[in-house]
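I have placed the structure first, in the form of structure tokens, so that the comments after it can refer back to it.
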2 protein chains.
Amino acid sequence: MKENFSRRGDRVRPAPAQPRPAPPEPGALAAKVRTMAPSMTRSMQRVAETVAADPAGCAALTVTGLAERTGTSEATVVRTARMLGYPGYRDLRLALAGLAAQQASGAAPAITTDISVDDPLTDVIAKLTQDERQTLADTAGALDISQVEAAVSAMASARRIDVYGVGASSLVAQDLAQKLLRIGLVAHAHADPHLAVTNAVQLRAGDVAIAITHSGRTVDVIEPLQAAFDHGATTVAVTGRPDGEVTQYADHVLTTSTARESELRPAAMSSRTSQLLVIDCLFIGVAQRTYETAAPALRTSYEALAHRHSPRDVR
Amino acid sequence: MKENFSRRGDRVRPAPAQPRPAPPEPGALAAKVRTMAPSMTRSMQRVAETVAADPAGCAALTVTGLAERTGTSEATVVRTARMLGYPGYRDLRLALAGLAAQQASGAAPAITTDISVDDPLTDVIAKLTQDERQTLADTAGALDISQVEAAVSAMASARRIDVYGVGASSLVAQDLAQKLLRIGLVAHAHADPHLAVTNAVQLRAGDVAIAITHSGRTVDVIEPLQAAFDHGATTVAVTGRPDGEVTQYADHVLTTSTARESELRPAAMSSRTSQLLVIDCLFIGVAQRTYETAAPALRTSYEALAHRHSPRDVR
DNA sequence: TCACAGGTGAAAGGTATTTTCGTCGCGGGT
DNA sequence: ACCCGCGACGAAAATACCTTTCACCTGTGA
């Protein structure tokens, strides 16, 4: 299926790129709901929320029952189940039963209230920690291993890797580029959209472009990715919206998790945690596959930094 | 049939005494099978045993499927489900799914080893996630609230905040500065040690300088902090070594946690996670204390970014 | 205001589950 | 040995449940 007639910029992402979009596991359901909710219609959101709020109760209901309880129709319930990655309601129900059993036995119901203005610092720390830990678990649970695998393979053998990210994501992009540089790969992070595009058009088949955007519709990041895509590079999207515009130009999509946010807890926080986990996975994967060169490179760069530390207390 | 002549000892237990004969719990299924097995017919025993041996597998089967797998009929399967205390097969199946999820999650905690070169990607993700979660818990547990409190107070009323970090820590420094800017504070991140020092000497009492260094002995970060300290600014150190040199010039010390590291997992990874949690706590704390100005500022900056996203799908 | 796109639910269409009912095998009595 | 009755068992009918289709309706942009 590789039709590398790179003559025109009209390369299109192959439609059946998601034969098995999501292996539906029970644990990460709440996360999935949060990830997909924005791209759902109102009725479907109602269903999804009901289901996430009371898995045990909903597992006991039939399609009709759940439709009634949410004030919607059976069709909508089935549609929601599909959106969450299950073949139909029956399977969602099974997963729900699993989830219910898990949280029944797994003690901690993990109820996190939102952070409010007058929370004492102790609570802030506790809630923040709890949330970030949850985000990590969710992200790991929702990660599509085959996509990671594919991205890692492409990166490991890439001539050059470009990473795009603006705003908070730019820090993540830089982090990834820094790490890749340290194991001897050619990687650049671009935060300036103009420079990003001008660099992107230099890419060709065998190169890799990675876009990092939580919303999935940050134009400053989509444009360079599209340019890279059109020029035949392998493209990867790290995004919280697997249905976002950015994925149109991505050969591989890595979904980051979305945590509930509030006024005091801006989007940047949990999405950043999620993104960092994903890029760390990419990094380790690449390091494994290029171990021959990566290991000595890591050692060298470590030693190069040693003299920048004050000499004493070298334990 | 003789009805209610209760005078003799032949009183009969009222028939509807067991409207709910058995509350079907998921966990005790195996036990229930053993209890009931003797009073079952051969075919039913086959079904019960199959079910107890492989809950996960059976949960995926329909009545017909399970009947086939056990070499029996659908009716027998349903009868078995009844015998085990469920209203029908559907409910048994639900319980099975729950049981499967339970024992799946119970079997999980087998990840303590280090990441090695030949770990499959699945393990890498699991280990990485586990480690980062542990790091978060450790950091939160080790954080000295009074120090956080003090740092937050100083920051909230600061005329200006400078943040120093080089290498991986520079990204953390930038993250903090970015966030503080978004709530209307005057904050700068310095990665260039020369510029950092030249800026540090401009600070005075009422200003805040924050140094971020995992090792606690990164000279490029210590020098500007010392300069700020000498000029009367309030200084904060975010470090993994509370006994490190950097703390000599720090009014407040926030300790980050250190996870075990290995060749494939460079220091930057878990220390970064830890540092980010700490600065997030600082940020939220400051945002709370400056809520009057922070809230509208956050809203404004959010709106300012809206047009940088592609317009569609604004739900 | 109109045309249109897309969400939504009623009802038709299938599939899975439950019930019914007749057969068959087994043990005990004649 | 044969017959009788009891209960296990499964095929198929009956039902409940799930899925799909399609027309309506609502909100949106010209």
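Numbered from 1 within each chain, the chains take letters A, B, ... in sequence-line order. Predicted, not measured: the structure shown is a model, and the values here were computed from it.
When the side-chain nitrogen and oxygen atoms of A/Arg93 are compared with OP1 and OP2 of C/dA16, none of them lie within a distance under 4.0 Å. Between A/Thr41 and C/dG7 there is no side-chain polar atom (N or O) within less than 4.0 angstrom of OP1 or OP2. Distances shorter than 4.0 Å separate none of the side-chain N or O atoms of B/Ser73 from OP1 or OP2 on D/dA11. A close approach under 4.0 Å does occur between a side-chain nitrogen or oxygen of B/Thr62 and OP1 or OP2 of C/dT17. For B/Ser43 and D/dC9, the shortest distance from a side-chain N or O to OP1 or OP2 is below 4.0 Å.
Put simply, CE on A/Met83 is 12 Å from P on C/dT8, counting in whole angstrom units. A straight line from CZ of B/Arg42 to C1' of D/dC9 spans 11 Å, rounded to a whole angstrom. Atoms CD (A/Glu68) and C1' (C/dA10) sit 14 Å apart, rounded to a whole Å. The separation between B/Tyr89 atom OH and C/dA16 atom P is 12 Å, rounded to whole Å. Distance CZ (B/Arg46) to C1' (D/dA8): 12 Å, rounded to an integer number of Å. The separation between B/Asp91 atom CG and C/dT17 atom P is 11 Å, rounded to whole Å. For the pair B/Glu74 CD and C/dT17 P, the computed distance is 9 Å after rounding to whole Å. Nucleotide C/dA16 holds its C1' atom 14 Å from the CG atom of B/Leu94, rounded to whole Å.
For A/Ser270 and A/Thr273, the side-chain atoms include no donor-acceptor pair closer than 3.5 Å.
With respect to the salt-bridge test (charged N to carboxylate O, under 4.0 angstrom), the residues B/Asp91 and B/Arg82 do not qualify. Salt-bridge annotation for A/Asp138 and A/Lys32: absent, with no side-chain N of the basic residue lying under 4.0 Å from a carboxylate O of the acidic one. Classification of A/Asp54 and A/Arg69 as a salt-bridged pair holds, one side-chain N sitting under 4.0 Å from a carboxylate O.
Remark on DNA chain D: of its neighbouring residues A/Val63 and A/Arg79, the 5'-side contact belongs to A/Val63, judged by nearest-heavy-atom nucleotide. Each of B/Thr72 and B/Arg90 was matched to the nucleotide of DNA chain D holding its nearest heavy atom; the match closer to the 5' end belongs to B/Thr72.
Under a 3.5 Å cut-off, the side chain of A/Ser274 and the backbone N or O of A/Ser257 do form a donor-acceptor pair.
Across all strands shown, B/Gly71 has heavy atoms under 4.0 Å from sugar-phosphate atoms exclusively, and none from any base.
Checked against D/dA11, D/dT19, C/dT17, the side chain of B/Ala75 finds its nearest nucleotide in D/dA11.
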